[in-house]
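Written below as structure tokens is the structure these notes are about.
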Amino acid sequence: MIIITGATGQLGRGVVERLLARVPADRIGVSVRDVSRAEDLAQRGARVRQGDFADPASLAYAFEGASQVLVVSGPADARPHRTAIEAARAAGAGRIVYTSHMGANPASPFLPMPSHAETEQDLRACGVAFTALRNGFYATTALHFVRQALETGTLAAPEDGPVSWTAHADLAEAAAVALTEEGRLDGITPPLTGSESLDLADVAAIASDLTGREITRVTVPDDEWVAGMVSRGVPEQQARFLLGMFEAGRQGEFAEVGPALGDLLGRKPTALRDVLANR
């Protein structure tokens, strides 16, 4: 029994779909906070149970009989991940797979990265075989910037750095490989990234070419950007949190490009241009 947490989210749902093409449905279980959103998976033969990282008892039920558990990472806090790891171990899982990040780093200014690094330490100490998938930065973030820029003609954001944008679909396939092909991915993986590293000026240029509308990259000073976010109703704490992404990017934390994802997929990873073209 392979258990997938967060199976109604974009990545978790993608993993389940790819597992359904690889293994019998009755070997797949999903742990979700709202079972009504996974009714279609139950109809296709998967086991659907309510599970919440904030409720260890619910995880004991959701993880019952697990041979492997995929812990799809959540907020920038290692504690819920630790709860899920402990529940998977208690359920007797022989392997725990975790969706980490290429930028996992205890010193990163972007708060999810220290959380990923802490969770990787928890996996090392848990006493169960594990795989930490060091996923590339989701290309959907670039898509978000483009959608905003199409409204104004400018992609206005703080100074950034190159990012190896990576498609959810490719990362879902990599997770399915980790769960079904023993020995392909053990321990902490190399970065699972797209094949090119692009900054927001590159993103604006690609979007301009695809849409035929000129989109100009405008660099906004950090404090001015935060103030603008607050003026639009974003809590300052959240704005500062998001600023950390740009601070980490310009330190090069998301710039690395590696061959590991393409090797797993047996093809070149999906280019950012293709993600934006299919927006």
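All residue numbers refer to positions in the sequence shown, counting from 1. Quantities reported herein were computed from a predicted structural model and do not represent experimental measurements.
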- prompt: Do the ring planes of His116 and His81 sit parallel (below 30°), tilted (30 to 60°) or perpendicular (above 60°)?
  reply: parallel
Main-chain N/O of Asp274 paired with Asn278 side-chain donor or acceptor, under 3.5 Å: yes
message: Working to the nearest 0.5 angstrom, can you tell me the gap between Ile96 CD1 and Phe130 CZ?
response: 9.5 Å
task: Determine, for Arg95 against Asp186, whether the closest basic-nitrogen to carboxylate-oxygen distance falls under 4.0 angstrom.
output: yes
- prompt: Between Phe137 and Phe110, what is the ring plane arrangement, given parallel below 30°, perpendicular above 60°, and tilted in between?
  reply: parallel
field: Pair Arg267 + Asp170: basic N to acidic O under 4.0 Å
entry: yes
- request: State, with a plain yes or no, whether a side-chain heavy atom of Tyr98 is found less than 4.5 Å away from one of Leu123.
  value: yes
field: salt_bridge(Arg134, Glu120) N-O dist < 4.0 Å
entry: yes
- request: Decide, yes or no, whether a salt bridge links Arg82 with Asp77 under the criterion of side-chain N to carboxylate O below 4.0 Å.
  value: no
- prompt: Quick one: do the Ser208 and Glu214 side chains pair a donor with an acceptor below 3.5 Å?
  reply: no
query: Side chains of Asp202 and Arg217: does their closest heavy-atom pair fall under 4.5 Å?
result: no
- request: Can you spot which of Leu272, Leu143, Thr270 makes a side-chain contact (heavy atoms from CB on, under 4.5 Å) with Trp165?
  value: Leu272
- prompt: Shortest non-hydrogen contact from Trp225 to Ala156?
  reply: NE1-O, 4.1 Å
4.5 Å side-chain heavy-atom contact, Leu192 and Thr166: no
- prompt: Would you call Glu151-Arg147 a salt bridge at under 4.0 Å N-O?
  reply: no
